[in-house]
Amino acid sequence: MPPIAPVSPTTVAVLFGGRSSEHEISCVTAGGIMDVVDRTEYELVPIGITKDGAFTLQPDDPAQWALRDGALPTVPDNGTRVAFPTSPATNELVVSHPDGSVTSIAVDIVFPILHGPFGEDGTVQGLLEIAGLPYVGDGVLASALAMDKHVAKAVLEHAGLRVAPWTTVLRREWTADPVDVAESVAAHGWPLFVKPARAGSSMGVSRVDGPEELGAAMDLAFEHDSKVIVEPRVIGREVEVAVLEGRDGVPRTSLPGEIVVAEDGFYDFASKYLGGDESLLCPAPLTEVQTDEIRSIGARAFEAIGGSGLARVDCFLTDDGFVVNEVNTMPGFTPLSMYPRCWAASGVSYGELVRELIELGRAAVR
């Protein structure tokens, strides 16, 4: 009987860093994935995007991308440049090295772990679609749709899900008649939250306790986007559920987690992406009925945006039920972040989650 030929590992290009404000946390996630991935199944090609937007080939070294003494890693510009295929006829990335040499690396799938603009908004997904490379996660439309808070709210509301009330303000409207805009948004009552419609993380977000604070908050938000969302404060517990595409097409949902919000009402950057027992409760202390309800909401929201791969659905639990806040198509994904912690509480380890996402991406038909 002839010997069985060994199966070659799947080559995964891990795309991380990027131009958004979440650059550093994307690097931490890359290190987490490098640390847990099964090297008998997968060979990783780390592609770090610098803050200036250069695609570079980086070391496959989890320690380089780890959080050390509170310092977050960044992608250094090492002089290499990575070019994606110019035709779906090839799956080879072309790497230009500082010494002038050029090499190529054939990849089977791309794992984009980019947060915010230029990564989570459909732009990178479009690049990968044009290149004909399979990839992990949501497609172009779902990514772009979820990134725009106004469009996402409209789609979720149309799907019969309850969302927080909001007013959308364009920069030209604010510039033309700030008094009229101020009167319009004041109808929501105070306090208000002013947010860029398409920015990641909590960049440009302000709490406004009265009319005298509105102008500065709007100006700050417009520094990040030409479209701004104004919402009233929703009083309730912040509960989130992780969604994973099902092999049979039916979304899988985790046990929900809860954020314990600080006194100032903000869920800060460190808690959002790095976690911590003092800020994240997983599983959330909910009744069985409440748990079933938010899991159903998560699946419906995922289907409403046409999701694939993964998403995290964030809700408020108010006195009269759940209100959907937003859908994140590339949620915080460090080992301590809410998304993997929710799945860990549901019996799926971080390593198993990474493997499942890669395999879903290989089989994806978006």
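In what follows, residues are counted from 1 in the order of the sequence shown. The structure displayed is predicted, hence computed values, not measured ones.
Of the N and O atoms on the side chains of S26 and T29, not one donor lies less than 3.5 Å from an acceptor on the other residue. Between R295 and T253, the side chains place a donor N or O and an acceptor N or O closer than 3.5 Å (distance only, hydrogens not considered). T123 and D121 are linked by a side-chain donor-acceptor pair at a separation below 3.5 angstrom, with hydrogens and angles left out of the test. Using a 3.5 Å distance cut-off with no hydrogens or angles, the side chains of H97 and T103 do pair a donor with an acceptor.
In plain terms, the two heavy atoms of G257 and C342 that are nearest each other are N-SG, 3.6 Å. Closest approach of A242 to W343, counting heavy atoms only: CB-NE1, 3.3 Å. For the residue pair A30 and F16, the shortest heavy atom distance occurs at CB-CG, 3.5 Å. Nearest approach of A301 to V327, heavy atoms of both residues: CB-CG2, 4.1 Å.
Considering only heavy atoms from C-beta on, V230 comes within 4.5 Å of M218 through its side chain. Between P251 and E303, some side-chain heavy-atom pair lies under the 4.5 Å cut-off. Within the 4.5 Å cutoff, the side chain of H188 has heavy atoms near those of the P165 side chain. Side-chain contact between L93 and I47: present, with at least one pair of heavy atoms (C-beta onward) separated by less than 4.5 Å.
Considering E41, R362, E43, E359 as possible partners of T10, the one that fulfils the side-chain hydrogen bond (donor to acceptor under 3.5 Å, both in side chains) test is R362.
Of the charged side-chain nitrogens involved, none lies within less than 4.0 Å of a carboxylate oxygen, so that E352 and R355 do not count as a salt-bridged pair. We find that E173 and K227 are not joined by a salt bridge, their nearest charged nitrogen and carboxylate oxygen being 4.0 Å or further apart. Classification of E213 and R207 as a salt-bridged pair fails, no side-chain N sitting under 4.0 Å from a carboxylate O. A salt bridge does not link E326 to K195: none of the charged nitrogens lies less than 4.0 Å from a carboxylate oxygen. With respect to the salt-bridge test (charged N to carboxylate O, under 4.0 angstrom), the residues K149 and D225 do not qualify.
To the nearest 0.5 Å, atoms CZ (R198) and NE2 (H150) are separated by 10.0 Å.
Listed for the S346 side chain is a donor-acceptor partner under 3.5 Å among the backbone atoms of L255. Side-chain N or O atoms of D69 include none that pairs as donor or acceptor with a backbone N or O of A71 at under 3.5 Å. A side-chain donor-acceptor contact under 3.5 Å links N91 to the backbone of V107.
In this structure, Y350 has its ring center at least 6.0 angstrom away from the ring center of Y339.
Crowding of D248 atom CG: a count of heavy atoms from other residues, nucleotides or ligands under 6.0 Å exceeding 12. Atom CD of E212 sits in a crowded spot, with more than 12 heavy atoms from other residues, nucleotides or ligands closer than 6.0 Å.
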Check: Would S226 and R172 satisfy side chain to side chain donor-acceptor pair (under 3.5 Å), going step by step from the backbone distance to the final call?
Finding: CA-CA 8 Å; S226 61; R172 60 175 172 79; over 6 Å; no
Next item on the list: Take N78 and T80 through the test side chain to side chain donor-acceptor pair (under 3.5 Å) and record every step on the way to the result.
Entry: CA-CA 6 Å; N78 57 16; T80 61; 2.6 Å; yes
